[in-house]
2 protein chains.
Amino acid sequence: MKPKKRVTIYDIAKKLNLTASSVSRALNNSSHVNENTKQLILKTAAEMNYKPNSLASNLRKGKTQTIGVVVPRINQNFFANVISGIEEAIYQKGYNLIICQSNENHEKEVQCVNTLMNQHVDCIVISVSADGNDYSHLQNALDHNIQLIQFDRVAENLETLKVINDTEQASFEAVSHLIEQGYKRIALLEGPQVLGIFRQRRDGYLNALKTNNLPVDESLIIPNSWTKEQTTANVRALLSMPNPPDAIFASRDDFSALGVLEVANDMGVKVPEELGICGYSNEAFTQITSPSITTVDQHAVYIGQTVSNLYFHEAEAKGKEKESRNSPKTISIKPKLLIRGSTQRNK
Amino acid sequence: MKPKKRVTIYDIAKKLNLTASSVSRALNNSSHVNENTKQLILKTAAEMNYKPNSLASNLRKGKTQTIGVVVPRINQNFFANVISGIEEAIYQKGYNLIICQSNENHEKEVQCVNTLMNQHVDCIVISVSADGNDYSHLQNALDHNIQLIQFDRVAENLETLKVINDTEQASFEAVSHLIEQGYKRIALLEGPQVLGIFRQRRDGYLNALKTNNLPVDESLIIPNSWTKEQTTANVRALLSMPNPPDAIFASRDDFSALGVLEVANDMGVKVPEELGICGYSNEAFTQITSPSITTVDQHAVYIGQTVSNLYFHEAEAKGKEKESRNSPKTISIKPKLLIRGSTQRNK
DNA sequence: TTGTAAGCGTTATCAT
DNA sequence: ATGATAACGCTTACAA
């Protein structure tokens with residue numbers, strides 16, 4: 001089999017005794033081309049199995065109709081769903097998606113952003129990694145006039161478009177719900193406090209206690225741990241205290257909540273009677289454990305759609321008026337507390 | 001703020017009274033450039049905040065160092081993990097990944113493949129959607145001399161590299177395990193039979209029954225259903241039979257296994273005492289339900305790594321000898337049966 | 001409506 | 001070791 005060069009618009013032009021410009025026009029259905037020749041060109045292009053070369057086209061046009069996303073991990077439900085939301089929305093506009101994962105590694109994140117810049121994506125959508133708080137790579141992207149949209153985990157003092165959850169409020173509601181159910185000693189499993197979203201979850205927790213005149217017991221606030229084993233050990237220690245908590249808000253994520261449930265089962269602690277458990281992020285499994293786990297849904301898909309809409313809205317605006325670019329607009333989406341079995345006491 | 005044009009190698013060249021070729025050479029650290037000037041160029045490039053334009057470079061070189069992946073859904077654990085595996089492996093070689101999801105939709109899948117071809121990816125990695133069995137778009141890619149690697153759900157009579165699981169064997173082992181545990185009437189929840197992997201799971205099931213001289217009862221074989229509600233209804237009907245099954249092999253996936261567990265809990269059927277449950281694909285939650293769910297681990301990350309290795313291996317081979325391209329090699333990976341609580345009877 | 005020609009930012013092939 | 005130049009495939013003024 002011979003190498004078989006890819007057919008270009010020149011090949012089509014030659015075959016039809018036309019010129020490349022006409023072919024290009026027809027292919028982009030410009031109005032400045034005769035309807036008949038246009039049909040002819042389209043037909044021959046199909047016959048010759050022509051595939052446009054996006055590289056060339058993008059290089060020439062200076063834009064790629066491509067959006068790049070950087071997330072810590074794509075195999076986390078929340079991110080996978082946000083990406084689905086973005087993808088769905090941009091796809092129908094003929095845009096493409098390049099997905100990179102930083103693996104929670106700052107260096108890799110920098111590399112991802114650079115790659116995307118080199119690829120000349122029209123927009124970079126990012127949720128920053130938990131590792132490191134140097135955002136010069138993002139500033140750099142901004143300096144290069146690249147549309148930047150942050151979501152969920154955002155570098156706050158970077159002036160970009162942002163789509164976030166009202167995390168503190170959600171956290172406040174979750175803890176308030178626990179208090180309503182009669183839980184009085186509520187422990188908190190924290191996420192990494194370098195990230196704003198986890199500080200906000202802590203703030204919401206503290207706020208709810210304060211609002212309800214409950215004391216804050218520092219020994220009930222457990223700092224983030226990176227391994228499952230460590231989490232399990234922490235929870236076990238917590239439940240073995242002389243004066244153990246009667247509820248645990250696993251603000252880190254549902255996986256830690258699941259860990260709590262496991263330990264509770266293991267130690268014979270009844271959920272929700274003796275221990276209330278609330279997780280965060282509405283992983284699919286929280287619905288089917290027994291008891292099912294109360295959690296916070298972040299509307300991930302909707303966040304993705306919002307990001308896309310924001311981009312297109314901004315892109316249009318940029319087209320019309322000058323200088324509206326990278327206006328530091330922030331859209332806040334209200335998460336929803338899903339009350340399930342793990343916090344519903346049969347009083 | 002002025003538009004700020006991106007700096008090119010010409011800008012660097014001009015500043016240093018050199019020519020673009022030298023700058024290019026230095027940037028690609030060619031051997032044909034003086035060490036001093038090279039350092040100088042590198043330094044100035046950094047100072048000027050130069051970012052290479054991959055579009056131009058790729059267009060010129062005719063290759064993109066980019067691999068495209070098409071999967072039904074990225075928010076399914078299995079696929080997310082395969083992608084992670086691929087990404088990790090190719091990243092260190094300086095390759096990029098473009099991820100597309102077909103949403104189990106044939107038309108969208110075709111579109112994805114076309115997009116990737118237009119983007120001139122060096123390789124397309126695909127797991128085909130369950131919808132439709134027309135693979136002309138893939139044949140087309142092959143005709144265009146694009147390296148194609150299929151994994152998991154493969155179009156069998158397409159001559160490409162393939163990385164698959166030994167699904168039938170895994171399924172056989174799963175059912176054999178159920179039989180060993182003393183279950184005698186084993187029902188099967190099928191996945192969509194258009195896909196080979198699901199036919200193989202069925203074959204493994206039938207084979208295990210036959211090998212153990214157990215009768216095949218067609219009323220225990222439940223065809224795939226696309227909604228959770230339907231699955232639940234099916235399982236309920238199954239367990240309400242006068243002569244109900246004492247085990248269910250949810251060969252479709254762990255979510256259907258979870259559905260079974262739910263229904264069983266709901267109906268007061270004890271797992272594993274009265275009903276054994278085995279799922280497929282080792283979703284994270286199967287470890288933490290109670291009882292935990294016996295399932296089959298497909299080594300998703302490893303599949304991803306294998307795909308990458310296969311690509312690089314093939315790429316090298318192609319470099320050396322002519323005509324080894326697209327040899328229809330198939331690598332089969334043995335899945336692992338994870339025996340957990342849902343099938344371990346305390347006899 | 002169609003053709004001509006320049007240019008997007010690189011890299012490769014010649015020269016020098 | 002460096003420079004000049006063509007080419008990758010496409011789009012787009014401008015001209016006809």
Side-chain angles (χ1 to χ4, degrees), chain A residues 3-42 44-45 48-66 94 115 117-122 144-145, chain B residues 3-42 44-45 48-66 94 117-122 144:
Chain A
K4 190 188 272 191
K5 262 177 61 60
R6 283 173 70 133
V7 3
T8 74
I9 53 173
Y10 276 94
D11 300 326
I12 302 176
K14 198 181 293 170
K15 180 164 232 162
L16 296 177
N17 272 322
L18 284 168
T19 155
S21 21
S22 297
V23 177
S24 172
R25 280 188 275 256
L27 258 21
N28 296 288
N29 64 79
S30 144
S31 50
H32 297 287
V33 59
N34 181 291
E35 186 57 30
N36 291 330
T37 46
K38 178 163 153 185
Q39 291 310 326
L40 181 60
I41 289 171
L42 257 32
T44 1
M48 298 176 72
N49 205 352
Y50 167 75
K51 302 278 172 199
N53 184 331
S54 308
L55 291 175
S57 159
N58 291 337
L59 174 59
R60 179 60 232 257
K61 289 196 292 201
K63 56 208 244 7
T64 52
Q65 303 247 113
T66 298
T115 304
M117 290 181 69
N118 297 349
Q119 304 263 19
H120 279 236
V121 296
D122 294 343
H144 277 267
N145 244 274
Chain B
K4 192 190 274 192
K5 262 176 61 59
R6 281 172 70 133
V7 3
T8 73
I9 53 173
Y10 274 94
D11 300 326
I12 302 176
K14 198 180 294 171
K15 179 164 233 162
L16 296 179
N17 272 321
L18 283 169
T19 156
S21 356
S22 297
V23 177
S24 173
R25 279 188 277 256
L27 257 21
N28 295 288
N29 65 74
S30 143
S31 50
H32 298 286
V33 60
N34 180 292
E35 187 57 30
N36 292 330
T37 46
K38 178 163 153 184
Q39 291 310 326
L40 180 61
I41 289 171
L42 257 33
T44 350
M48 298 177 71
N49 204 353
Y50 166 77
K51 302 278 173 201
N53 184 330
S54 309
L55 291 175
S57 167
N58 291 338
L59 173 60
R60 181 58 235 250
K61 289 195 292 200
K63 55 208 240 25
T64 52
Q65 302 247 116
T66 298
M117 289 182 68
N118 297 349
Q119 305 263 17
H120 279 236
V121 296
D122 293 344
H144 277 267

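Lettering follows sequence order; numbering is per chain, from 1. What you see is a predicted model, and the numbers here were worked out from it, not measured in a lab.
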Distance in angstrom units between A:I41 CD1 and C:dT1 P, rounded: 13 Å
- request: Verify, without hydrogens or angle tests, whether A:S57 (side chain) and A:N53 (backbone) share a donor-acceptor contact under 3.5 angstrom.
  value: no
message: At less than 4.0 Å, is any side-chain N or O atom of B:Y50 found next to OP1 or OP2 of C:dT10? Yes or no.
response: yes
- request: Return the value, rounded to whole Å, for the distance between atom CZ of B:R6 and atom P of C:dT10.
  value: 9 Å
- prompt: Nearest to the side chain of A:Y10 - C:dT10, D:dT2, D:dC10?
  reply: D:dC10
- prompt: For A:K61 and C:dA6, what is the distance between atoms NZ and C1' respectively, to the nearest whole Å?
  reply: 18 Å
query: When rounded to the nearest 0.5 angstrom, what distance separates CG in A:L55 from CZ in B:R60?
result: 13.5 Å
Interatomic distance, B:N53 CG vs D:dC8 C1' [rounded to whole Å]: 13 Å
- prompt: Within the distance-only criterion (no hydrogens, no angle test), does the side chain of B:N34 pair as donor or acceptor with the backbone N or O of B:N36 below 3.5 angstrom?
  reply: yes
statement: B:H144 NE2 to D:dG9 P, in whole Å, measures 14 Å
query: Near B:K51 NZ, under 6.0 Å, is it more than 12 heavy atoms from other residues, nucleotides or ligands?
result: yes
- line: Between NZ of B:K63 and C1' of C:dT11 the distance, given in whole Å, is 13 Å
message: Can you measure B:D11 atom CG to C:dC8 atom P for me and round it to whole angstrom units?
response: 11 Å
query: Which is true for A:L18 with a 4.0 Å heavy-atom rule: it touches a base, it touches only sugar-phosphate, or it touches nothing?
result: sugar-phosphate
Spacing of A:R25 atom CZ and A:L18 atom CG [to the nearest 0.5 Å]: 10.0 Å
query: Base, sugar-phosphate, or nothing: which does A:N118 touch, judged by heavy atoms less than 4.0 Å apart?
result: nothing
- prompt: Given atom CG of A:L59 and atom C1' of D:dC8, what is their separation to the nearest angstrom?
  reply: 9 Å
field: Nearest-nucleotide 5' precedence on DNA chain D, B:N17 against B:R60
entry: B:N17
field: Minimum-distance nucleotide (side-chain atoms of B:S21 versus D:dC10, C:dT10, D:dA4)
entry: D:dA4
- prompt: Nearest to the side chain of A:I9, which nucleotide is it out of C:dT2, D:dC10, C:dT10?
  reply: D:dC10
task: Please round to the nearest 0.5 Å and tell me the distance separating atom OG1 of A:T8 and atom NZ of A:K14.
output: 8.0 Å
- prompt: Hey, what do you get for CD (B:Q119) to CD (A:Q119), rounding to the nearest 0.5 Å?
  reply: 8.5 Å
query: For DNA chain D, which residues in residues 24-38 of chain A have a heavy atom at a distance below 4.0 Å?
result: A:S24, A:R25, A:N28
- request: Output yes when at least one side-chain N/O atom of B:S22 is less than 4.0 Å from OP1 or OP2 of D:dG3, else no.
  value: yes
